[in-house]
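Sequential numbering from 1 along the given sequence is applied to the chain's residues. Bear in mind that the values here come from a model prediction, so they are computed numbers and not experimental data.
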Amino acid sequence: MMKTEQKIHYVLRIAIAMCFIGHGSFGIITKQIWCNYFAVFGIGTKSAYALMPWVGGVDIALGVLMLFRPMRAIALWLVVWGAVTAFLRPASGEPFAEFIERAGNFGAPLAMLILSGGIKSFKQLFEVINPAATVDDKTMARVYNCLKVVGFFLLMGHGWLNLIQKKGLLSQYASLGFSDPAKVAQFAGVFEIVAALLVLFKPVRSLVLIFIIWKAATELFYPKYEVFEWIERGGSYGTLLALWLSLKQVSSNLTIPFLSKDH
């Protein structure tokens, strides 16, 4: 039977693969909005469309490598790349909430790096991460705290986008048959912000499980590219699932005093 840290390892591995395979797929598809992000670097529309498949192909390749041959070098690059691509959204004029809502993109590989013990030498960067390696309590506590913060950001960001009535979310609710999408967005936004605060300050396993189901289920219904949108958000689902798994272990560790035994 696998230990908790091994389960977290595999969950994060799958989450990272989903995120970057999904993200890369949009490059292959040549998603129009990506032109805005290339424009941040002064790259025109024609060049952007020519570059998109190459960028997408690299993302997919790295996602597949993390799934079958995870290395710290790839995880480190994906932390940087995930943060940069997420930040291109506010840099191109979108709300800042779009950045923090994608915390799972860079948070999942960051948690993987922490779980693997970090980077202690250059050689270690290119060694395959061992899922069966022993993880001490201090490292597990760091992983747990990382997952909490990432979970907080991704839930807070999505809740924020609901409260500011993001057009794409309103279209999603309208396509599901809701007569008042704005009211649905307001309810969802309040729920997700409360969920974010609970994840950060008082995470309880049963509630975290509800938040996982909520997020995975509500993001199944994007008006366009539904499958790819859902796969790309694997970093979010995986981060919350890893948090749920870590709670079982850290809640029994008395070195983390702010946790109670009923989590």
Inset, instruction - Is it possible for you to say whether Leu113 and Trp77 belong to one hydrophobic cluster, with membership spreading through side-chain heavy-atom contacts below 4.5 Å? - result: yes

Inset, instruction - Report yes if the side chains of Glu229 and Phe26 come closer than 4.5 Å at any heavy-atom pair, otherwise no. - result: yes

Inset, instruction - Step by step, work out the side chain to side chain contact (heavy atoms under 4.5 Å, CB included) result for Leu241 and Trp244. - result: CA-CA 5 Å; Leu241 182 55; Trp244 179 79; 3.9 Å; yes

Legend entry - Min side-chain heavy-atom separation Ile60-Ile28 under 4.5 Å: yes

Inset, instruction - Not counting sequence neighbours, which residues clear ring pair (Phe, Tyr, Trp, His ring centres under 6.0 Å) with His23? List them please. - result: Trp34

Legend entry - Residue pair Leu65 / Pro70, side-chain heavy-atom distance below 4.5 Å: no

Inset, instruction - List for me each residue that meets ring pair (Phe, Tyr, Trp, His ring centres under 6.0 Å) alongside Phe126, sequence neighbours excluded, and say none if there are none. - result: Phe122

Legend entry - Residues that Leu200 engages under side-chain contact (heavy atoms from CB on, under 4.5 Å), provided they are two or more places apart: Val149, Phe152

Inset, instruction - Report the residues that fulfil side-chain contact (heavy atoms from CB on, under 4.5 Å) with Ala111, sequence neighbours left out, ordered by chain and then residue number. - result: Leu12, Cys146, Leu147

Inset, instruction - Taking all non-hydrogen atoms of both residues into account, name the closest pair between Ser236 and Lys215 and its distance. - result: CB-CE, 3.8 Å

Legend entry - Non-hydrogen side-chain atoms of Ser25 and Ile231 separated by less than 4.5 Å: no

Legend entry - Validation row: Leu125, Ile119 side chains within 4.5 angstrom (heavy atoms): yes

Legend entry - Single-linkage hydrophobic cluster Ile213~Leu207, side-chain heavy atoms < 4.5 angstrom: yes

Inset, instruction - Answer yes or no: is there a side-chain heavy-atom contact under 4.5 Å between Met112 and Ile8? - result: no

Inset, instruction - Taking side-chain contact (heavy atoms from CB on, under 4.5 Å) as the test, write out the residues that go with Ile14, two or more places apart. - result: Met18, Leu67

Legend entry - For Tyr237, ring pair (Phe, Tyr, Trp, His ring centres under 6.0 Å) partners two or more places apart: Trp230

Legend entry - Atom pair CG (Asp59) and CD1 (Ile21), whose distance is rounded to the nearest 0.5 Å: 10.0 Å

Legend entry - Hydrophobic cluster membership, Ile210 vs Val208, 4.5 Å side-chain cutoff: yes

Legend entry - For Lys7, all residues meeting side chain to side chain donor-acceptor pair (under 3.5 Å), sequence neighbours excluded: none

Inset, instruction - Answer whether the closest heavy-atom distance between the side chains of Leu198 and Val204 falls below 4.5 Å. - result: no

Inset, instruction - Give the intermediate values and the outcome of side chain to side chain contact (heavy atoms under 4.5 Å, CB included) for residues Leu155 and Leu197. - result: CA-CA 9 Å; Leu155 287 166; Leu197 293 170; over 6 Å; no

Inset, instruction - Flag yes if Phe201 and Trp160 sit in one hydrophobic cluster, no otherwise; membership is Ile, Leu, Val, Met, Phe, Trp, Tyr, and two members link when side-chain heavy atoms are under 4.5 Å apart. - result: yes

Legend entry - Gap between atom CG of Leu243 and atom OH of Tyr144 - 0.5 Å precision: 6.5 Å

Legend entry - Qualifying side chain to side chain donor-acceptor pair (under 3.5 Å) pairs, either residue in residues 116-131, two or more places apart: Arg72-Ser116

Legend entry - Partners passing side-chain contact (heavy atoms from CB on, under 4.5 Å) against Lys183 (at least two apart in sequence or in another chain): Asp180

Inset, instruction - Look up atom CZ in Phe20 and atom CG in Leu62, then write down how far apart they are to the nearest 0.5 Å. - result: 8.5 Å

Inset, instruction - Check Val190 against Leu163 and note the closest heavy-atom contact, atom names and distance. - result: N-CD2, 4.1 Å

Legend entry - Hydrophobic cluster membership, Val184 vs Leu170, 4.5 Å side-chain cutoff: no

Legend entry - Straight-line distance of Gln172 CD to Phe178 CZ, nearest 0.5 Å: 9.5 Å

Identify each donor-acceptor pair in which a side-chain atom of residues 43-58 lies under 3.5 Å from a protein atom, sequence neighbours left out, and give them as a table.
none

Inset, instruction - Can you measure from CG (Leu115) to CZ (Arg13) and round to the nearest 0.5 angstrom? - result: 11.5 Å

Legend entry - Atom of Met156, atom of Ala196 and distance for their closest heavy-atom approach: N-CB, 3.5 Å

Contacts under 3.5 angstrom, residues 84-109 side chains, donor-acceptor by atom type, not counting sequence neighbours:
| residue | atom | partner | partner atom | Å |
| --- | --- | --- | --- | --- |
| Thr85 | OG1 | Trp81 | O | 2.9 |
| Thr85 | OG1 | Gly82 | O | 3.2 |
| Arg89 | NH1 | Tyr37 | OH | 2.9 |
| Arg89 | NH1 | Glu94 | OE1 | 3.2 |
| Ser92 | OG | Leu88 | O | 3.0 |
| Ser92 | OG | Arg89 | O | 2.9 |
| Glu94 | OE2 | Tyr37 | OH | 2.7 |
| Glu98 | OE1 | Arg102 | NH1 | 2.7 |
| Glu98 | OE2 | Lys166 | NZ | 3.0 |
| Arg102 | NH1 | Glu98 | O | 3.0 |

Legend entry - Side chain to side chain, Ser246 and Met140, heavy atoms closer than 4.5 Å: yes

Legend entry - Which atom of Gln165 lies closest to which atom of Ala182, heavy atoms considered: OE1-CB, 2.9 Å

Inset, instruction - Would you please name every residue forming a side chain to side chain donor-acceptor pair (under 3.5 Å) with Glu192, sequence neighbours left out? - result: His158, Asn162, Trp214

Legend entry - Closest heavy-atom pair and its distance - Thr239, Gly235: OG1-O, 2.6 Å

Legend entry - Closest non-hydrogen atom pair between Arg205 and Leu247, with its separation: CG-CB, 3.5 Å

Legend entry - Straight-line distance of Leu176 CG to Ser171 OG, nearest 0.5 Å: 11.0 Å

